[in-house]
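In what follows, a single structure is set out as structure tokens and then discussed.
Just follow the structure's listing: the first ligand is 1, and inside any ligand the first atom is 1.
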Amino acid sequence: MKKLLLAIPFCLSASVMAAGAPVGIVIHGGAGTIDRSKMTEEQRQDYEATLTKAVNQGYELLAAGGSSLDAVTLAVTVLEDSPLFNAGKGAVYTWDENHELDAAIMTGQDRNAGAVASVTNVKNPILLARAVMEKSDHVMLTGIGAEQFAAAQQLELVDNSYFNTEFRYEALKKAKQARQKLPQQATVEVDPGWKMGTVGAVAIDNTGNLAAATSTGGMTAKRWGRVGDVPVIGAGNFADNSSCAVSGTGHGEYFIRYNVASDICARVKYQGKTAATAANEVITELLQVGGTGGVIVVDNKGELSWAFNTQGMYRAKRNYAGTVVEIFATETEKAGN
Ligand code: ASP
């Protein structure tokens, strides 16, 4: 009996620490104008509870020896199933009052990746992205073809109305009003507080493998088959064991043009920068060209970090040092440190 008691802590510490790196996970639920005065105490608690649930489930899986791929899949699935975030259940509306969802997943040990764009009836697009990576010869599937593949993989399908929420419908109405003034634009910049909520997770497991997963409904009032940064590998989602894993959220067009996720990892790999420094640089430079948003990062030593150029980002992280759950920018972050 005594032996067993001694063995348990050893097993736990062996699984939490391996390959010289502690296991860890970071998640986000979108970045943007998060107005403290407009958020009720109850709303804040709801957001924090869901972020906590997602980060804990991901971490517990890692601590039990699970893979970073399974941990990011699980955390993103939890966030997709919540109506609070712009992914899965809470996806924003298109101009035509439907929902078109994008997602991507990537593993750092082999740079394997799967992505889906503009799917309308898959309950958890992140599971479809993973199926594309693991069960097809392709990296990205779109629209009807992606949905046929989802059916063939026996993933859970739902009617598009499953994604309807009152809150996001109000956002669409506001976006349509704003659009009257901007007839040339394919997407509309409404108050980002109404459109944010893309979700993502990055993790490192006890073999030192990195993984990243991101899922989104895209931008409110998008039209003409607009696809954002999330399924574009290297833009909104990226993982490479030689550097880091990144998941982004923000104005997707900028993330695509500036290859945000892979640029952060390239600075770590080729310039020897820490992931936190590289993320801060890229997100600061992005704002200089007009791109708002943020990223979460885990590097191949297990350092967890985030950076954003907005008022806040729904975010949480957990490793051996404990759990942090935040929504608004802290004083240190506001000061640019
Ligand atoms: N990046 C997402 C997109 O452009 C939106 C978001 O993160 O809020 O599709």
Practice task
Please identify which atoms of ligand 1 are closer than 4.0 Å to at least one heavy atom of G218.
Solution key: 5 (C), 9 (O)
Practice task
Indicate whether the side chain of W306 and that of E326 have a donor and an acceptor atom separated by less than 3.5 Å.
Solution key: no
Exercise for the section: Compute whether any side-chain donor of one residue and acceptor of the other, for H251 and D229, lie under 3.5 angstrom apart. Expected result: no
Handout entry: T73 backbone acceptor or donor facing T77 side chain under 3.5 Å
Key = yes
Exercise for the section: Answer with yes or no after comparing the ring centroid distance for Y93 and H99 against a 6.0 Å cut-off, counting only values under it. Expected result: yes
Practice task
Establish whether F149 and V122 are linked, either directly or via other cluster members, by ILVMFWY side-chain heavy-atom contacts under 4.5 Å.
Solution key: yes
Practice task
Apply salt bridge (Lys or Arg N to Asp or Glu O under 4.0 Å) to K53 and E60, showing your working.
Solution key: CA-CA 11 Å; K53 181 178 167 192; E60 279 153 20; over 6 Å; no
Handout entry: Short N or O distance, H251 and ligand 1, threshold 3.5 Å exclusive
Key = no
Exercise for the section: For atom 3 (C) of ligand 1, state which one of V260, D229, V232, T216 supplies the nearest heavy atom. Expected result: D229
Exercise for the section: Could you pull out, from T249, T292, T214, the option with a heavy atom nearest to atom 7 (O) of ligand 1? Expected result: T249
Practice task
Run the numbers for me: atoms of ligand 1, each under 4.0 Å from some heavy atom of M219, listed by number.
Solution key: 4 (O)
Problem - Per-atom contacts of ligand 1 with T198, taking only distances under 4.0 Å to non-hydrogen atoms - result: 2 (C), 5 (C), 6 (C), 7 (O), 8 (O)
Practice task
Look at atom 4 (O) of ligand 1 and find which of K222, E253, R226, E100 reaches it with the closest heavy atom.
Solution key: R226
Practice task
Have a look at G252, G250, G228 and point out the one with the heavy atom closest to atom 1 (N) of ligand 1.
Solution key: G250
